[in-house]
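Notes follow once the structure below has been shown.
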Number of protein chains: 2
Amino acid sequence: MDFHTNVCIFAAKMTTITDIAAALGITPSTVSRALAGNPRVKEETRIAVQKKAEELGYEPNVVASNLRKGQSRIVGIVVPRIHREFFSNVIGGAENILNQAGYNVLICQTLESFDAEIKALKTLKNYRVAGVLLSHAINSMSGKHVKDILGSTPLVQFDRVFPDLPGAKIVGANCEGAYKATMHLIESGYRKIGTLAGFMTSQAYVERLAGYRMALEASGLPYDNSIVFYNTIVRETGYEAALKAIEAGCDALYSSGAFSALGAVDALKEKGFKGADEFGIVATSNEGFTGLMSPSLSTLNQHPFEMGEAAARAFLEGRVDTQVIPMELIIRQSSNKNNKWLK
Amino acid sequence: MDFHTNVCIFAAKMTTITDIAAALGITPSTVSRALAGNPRVKEETRIAVQKKAEELGYEPNVVASNLRKGQSRIVGIVVPRIHREFFSNVIGGAENILNQAGYNVLICQTLESFDAEIKALKTLKNYRVAGVLLSHAINSMSGKHVKDILGSTPLVQFDRVFPDLPGAKIVGANCEGAYKATMHLIESGYRKIGTLAGFMTSQAYVERLAGYRMALEASGLPYDNSIVFYNTIVRETGYEAALKAIEAGCDALYSSGAFSALGAVDALKEKGFKGADEFGIVATSNEGFTGLMSPSLSTLNQHPFEMGEAAARAFLEGRVDTQVIPMELIIRQSSNKNNKWLK
DNA sequence: AAATAAAATTCAAACGTTTGCACAAATTTT
DNA sequence: AAAATTTGTGCAAACGTTTGAATTTTATTT
């Protein structure tokens, strides 16, 4: 059943390589070679072919070409959610690089569903894509399914990666970033620093927690599990955790996410905190809003766009190593003791 | 030259329909029909084929299938920039619907370049996509090129559309939205309302300006071109225009964009304005940051996700009409006279 | 039991390219 | 001038699937 019957009844017959050949009294092979710039075809006929192709409005059928060549110029990108700021930036960066290299991107979102991830990978394999850029759904527990489905298709994992899978990996400097952020709080004079930690099923959050702990221990401060608030990544849970942190006597928080930090700010405002001299916050992820809210949030910029570019380049260059994208600490009002939140 | 030589030397031979046929001593045609659920193949052999397909780990080659069928299950989406909040939401909404209908999306970004738009459309045509969802680059002046390239490929334009192109169009209720926003300012008691207008080469901005004007005239207020600030869509120009608006004695602004409104807020803060009772602002586009900044911005929500869904459905249903997605006025601090900005 | 109808399968071509091999023509070498 | 080389084209098969028409098998009717 054709959905588009009412739109276009007669699909315009497109001119093929064979049409060009017929018009010039030569063979499709020669036309193919001419258009491909093969040096074994005479200059003269190459010109003639190009001219005729232009004249007939020829556009190559890449589906046929891909079938014959057994490979395509499409790279699949699998992300949990396209419209999450982090991922849309990764995609934007990757598309940019891939497009320059003559590739196009086929996008699948898993909406954090493991089953959808499997389906997406199968689809991409069925399209015989040249490679896959993948960030796992949050509830994927291992990379076994990927290997089974993708087989020999080159894979680049980014952000959420599984070490048991071969191939390139692009990850944020989670541990180092968390260390830097926590150290910044310590050096600013905060003394009881809690953390809004994420899900320990995710490597990235595990590493951030580790970095937080390392900074504390390197400074001789105690690591206190009672002020580690696990599974806190959204605004609501950030708010609740922050209330508990205040109760516990914390004077600062390192947050593994940006939205949980937003919730924490809600809690601080509600409790009458007035500035970073009273309570400091540094969040991971330099989401657009963090620089615009009040107080503006100190963050770790993960450079998602650059991460996408790195993933694309890793694919293009056939790399199989792990690259760590440094996180940049951006100090704003929420951790700047000399700066009242509301000026 | 194969980039991936070091990654995978032997491309795993994938099992084909022919392999299944050979294993069962039948013909590829029967296998094809069996897998397609054609009623002309015996129940018994259909089961056998499915079993063997499973056993051999068969995955269909959709490239071959597409070539033979002369159509694909890919829909191309062309946007100026993937990682702009509005577009990433449109894409997210469209992908969701299309995926449910068995389609996948190939994404191209034009980075606002007319040439890149042409290239993207050609690429999509070369892939013989089932349809194209398109939002034009800002410097495209007409839709002629689209018709020439796309031919009979179904087209759905969204947000930035050209009326001279046939096919479905999904647009925001720009005029109505601007009217509503401006009327809200008028009803709130503001008396000299300027506007941060966009580029008049873009239909959307023209309509927003028209809606602004209609509201003024419907209320007996003068339309004063000296407080219409054209080409003002980024933070910097919004800032500068707002300074002029203040100078000109305005007490409110309707902004055609969100970032220009952000710049306007910068200007107001700098000039010592303290609340919406002194100066009101309503912006178009309910970007995420608008609800989180201080003062929170009153906005018109364009419902980009729903717009993407509508575009996808328009394609699936073969519609050729124009759908108008209503804009929802969200009143926040920036236009709420009872609410000091800084509380 | 022969004739007819229905059901299941096979045959072969097609989709538009690409490419190894063969071949002819033009050019260079002996 | 014959032999060897280079240069440019053509031939035909292949990529993996789908599909109209032909054919075989099975079931139903006379």
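Proteins get letters first, then strands, A, B, ... in listed order; numbering begins at 1 in each.
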Atom of A:F87, atom of A:S135 and distance for their closest heavy-atom approach:
CE2-OG, 3.5 Å

In terms of the nearest nucleotide of DNA chain C, which residue is placed more toward the 5' end: A:A64 or A:S29?
A:A64

When the distance from [atom1] of [X] to [atom2] of [N] is rounded to whole Å, what number comes out?
{"X": "A:R46", "N": "D:dG8", "atom1": "CZ", "atom2": "P", "result": "11 Å"}
{"X": "B:Y127", "N": "C:dT17", "atom1": "OH", "atom2": "C1'", "result": "14 Å"}
{"X": "B:L24", "N": "C:dT10", "atom1": "CG", "atom2": "P", "result": "10 Å"}
{"X": "B:L67", "N": "C:dT18", "atom1": "CG", "atom2": "C1'", "result": "12 Å"}
{"X": "B:K69", "N": "D:dG16", "atom1": "NZ", "atom2": "P", "result": "17 Å"}
{"X": "A:M14", "N": "C:dG16", "atom1": "CE", "atom2": "P", "result": "10 Å"}
{"X": "A:N66", "N": "C:dC15", "atom1": "CG", "atom2": "P", "result": "18 Å"}
{"X": "B:R68", "N": "C:dA13", "atom1": "CZ", "atom2": "P", "result": "13 Å"}

Donor-acceptor pair, distance only, cut-off 3.5 Å: does the side chain of [X] make one with the backbone of [Y]?
{"X": "B:S113", "Y": "B:D115", "value": "yes"}
{"X": "A:T123", "Y": "A:K119", "value": "yes"}
{"X": "B:K169", "Y": "B:G167", "value": "yes"}

At 4.0 Å (heavy atoms only), tell me whether A:S65 reaches a base, stays on the sugar-phosphate, or touches nothing.
sugar-phosphate

Heavy atoms only, 4.0 Å cut-off, all strands: where does A:T16 land among base, sugar-phosphate and nothing?
sugar-phosphate

Would you say a side-chain N or O of A:Y58 is under 4.0 Å from OP1 or OP2 of C:dT17?
yes

Quick one: which protein N/O atoms are closer than 3.5 Å to N/O atoms of nucleotides 6-9 of chain C? Pair and distance per line, please.
from  : atom 1 : to    : atom 2 : distance (Å)
C:dA8 : N7     : B:R40 : NH2    : 3.1
C:dA8 : N6     : B:R40 : NH2    : 3.0
C:dT9 : OP2    : B:K42 : N      : 3.0
C:dT9 : OP2    : B:T45 : OG1    : 3.3
C:dT9 : O4     : B:R40 : NH2    : 3.0

Do the non-hydrogen side-chain atoms of B:H136 and B:L165 ever get within less than 4.5 Å of each other?
yes

Salt bridge between B:E54 and B:K51, side-chain N to carboxylate O under 4.0 Å?
no

Test side-chain contact (heavy atoms from CB on, under 4.5 Å) applied to A:I325 and A:Q302, A:H303, A:E309, the passing residue:
A:H303

